[in-house]
There are 2 protein chains.
Amino acid sequence: MSDSDPSARDAEYLAKLQDYYASWKSIPSYAALCEVFGIASKSWVKAILDRLEKAGFVERTPDGMWIPSRQFFARPFAESAVQAGMPVAVSETQGDYFVIDEMLIDKPSTTTMIPVKGDSMIDAGIREGDIAVVEKRNLANIGDIVVAIVDNEFTLKTLDKERGQYILRPANPAFPVIRPQGTLEIFGVLVGLIRKYK
Amino acid sequence: MSDSDPSARDAEYLAKLQDYYASWKSIPSYAALCEVFGIASKSWVKAILDRLEKAGFVERTPDGMWIPSRQFFARPFAESAVQAGMPVAVSETQGDYFVIDEMLIDKPSTTTMIPVKGDSMIDAGIREGDIAVVEKRNLANIGDIVVAIVDNEFTLKTLDKERGQYILRPANPAFPVIRPQGTLEIFGVLVGLIRKYK
DNA sequence: TTGACAGCAGAACGCTCGTTCTTTAGGATG
DNA sequence: CATCCTAAAGAACGAGCGTTCTGCTGTCAA
């Protein structure tokens, strides 16, 4: 799971750090960490962080600032899974952030959310009412699901190429393939999907 | 939405800060922010942050450290759907903002994420590799998609009733309906779905 | 053509931060 | 009972940090 598991004591320190980060969304200075950890010496705080770094829970920016690593956010939902014999490997899920946001969105400033209408992509598992997470850019690869602008309308389709021409392929046999004349304007690329039940 | 909307320029600065935070998970020093913002003066960085604070995007800890606020993580949500005609760029429209986590997760303590395996629910738009957001409880309604424990394995199916008996119905004709003998153990109810492309 | 202001650069300063080194107290080991 | 080791405390220090002030442009309105 990690390079080297932290000791029981370090695990406590880690928990306190995680709690602090959860409410402040930043790692404080050594002085402030003294209070958080309940100890009095800055040097020991550094020693703790150094160990947590070795264990893979925190990292440093190029300019020496402490930041949480992927592992820092890993959630132990493994326990419930293990006991029931879940068929999915636990290791696969370990690194994922419980805060979905971080998982889905790499570039917040160019990412937007668009509700999906219609069922033209139903065979791709995209249904009406789903929310498409779209990264705005005008370059896409063949096979990407893109949001394209066709006749002043947004449409969600798979980008494909046919005889040297870009086409937009729906994932529903009831819908026609769109063959845009002239240039094809791409608004963004689908990077995620969110669905809320009930 | 916010106390006062940031100017166009400040919005750019905010975007850069959000992107930086997305990859480093911390707000850097003024000196480092100079590089991020592409400016040369620390005092101007402070002026920018002061304005972003007024607009409600960043806050300060009691010891003066800059931290992101809730608004910082809000995502733009397009008003119109993907296929509803809309010539205006989505970024321009004054849509809603929301935080994905808050939207999907009502009860953090009882909500867990389980990767989906297999394609037994493909007709419900649930595909292998999707992540199911599951609220842990043992009561569900007919028609709910539930995570049930059958033969010590987790399985995702629609809960139904047949001749007074609870059954688990897959959304794929290739899979059989599960008719558990005795009691049916329900682990939780599907409240959301997340998919990441690429 | 003057002035006001927005947008930024640059310097100056005191204080805090991270780092390193030394010391200490208690437990385990032998 | 000597000696390790762990878990801290504490001091000392220089670099870097945030803050404040002043200066320098360009723009626009009067």
Which nucleotide sits closest to the side chain of A:Ser43: D:dG10, D:dA8, C:dA9?
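Given the options D:dG10, D:dA8, C:dA9, the side chain of A:Ser43 is closest to D:dG10.
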For B:Leu139, does its backbone N or O pair with a side-chain atom of B:Arg137 as donor and acceptor, under 3.5 Å?
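Checked: pair present.
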Between A:Arg195 and B:Gly125, is there a donor-acceptor pair closer than 3.5 Å when you use the side chain of the first and the backbone of the second?
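Such a contact is found between A:Arg195 side chain and B:Gly125 backbone.
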Residue of the set B:Asn172, B:Thr155, B:Thr158 for which side-chain contact (heavy atoms from CB on, under 4.5 Å) holds with B:Met121
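Exactly one candidate clears the test, B:Thr158.
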Whole-Å distance between [N] [atom2] and [X] [atom1]?
| X | N | atom1 | atom2 | answer |
| --- | --- | --- | --- | --- |
| B:Trp44 | D:dC21 | CH2 | C1' | 15 Å |
| A:Ile48 | D:dA9 | CD1 | P | 9 Å |
| A:Phe37 | D:dA7 | CZ | C1' | 14 Å |
| A:Met65 | D:dG16 | CE | P | 15 Å |
| A:Asp50 | D:dA8 | CG | C1' | 15 Å |
| A:Ile39 | D:dG10 | CD1 | C1' | 13 Å |

Regarding A:Tyr13, tell me which of base, sugar-phosphate or nothing describes its non-hydrogen contacts under 4.0 Å with the strands shown.
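Here A:Tyr13 touches the backbone only, sparing every base.
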Any cation-pi pair here, B:Lys16 with B:Phe37, using under 6.0 Å and within 45°?
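No.
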Determine, for B:Trp44 and B:Arg9, whether the Lys NZ or Arg CZ falls below 6.0 Å from the six-membered ring centre while staying within 45 degrees of the axis.
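Checked: cation-pi criterion not met.
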What about the rings of A:Phe72 and A:Phe57, do their centers lie closer together than 6.0 Å?
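Not close enough - the centres of the two rings lie 6.0 Å or further apart.
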Under-3.5 Å N/O pairs linking protein and nucleotides 14-18 of chain C:
from   : atom 1 : to      : atom 2 : distance (Å)
C:dG18 : OP2    : A:Tyr30 : N      : 2.6
C:dG18 : N7     : A:Lys42 : NZ     : 2.8
C:dG18 : O6     : A:Lys42 : NZ     : 3.0

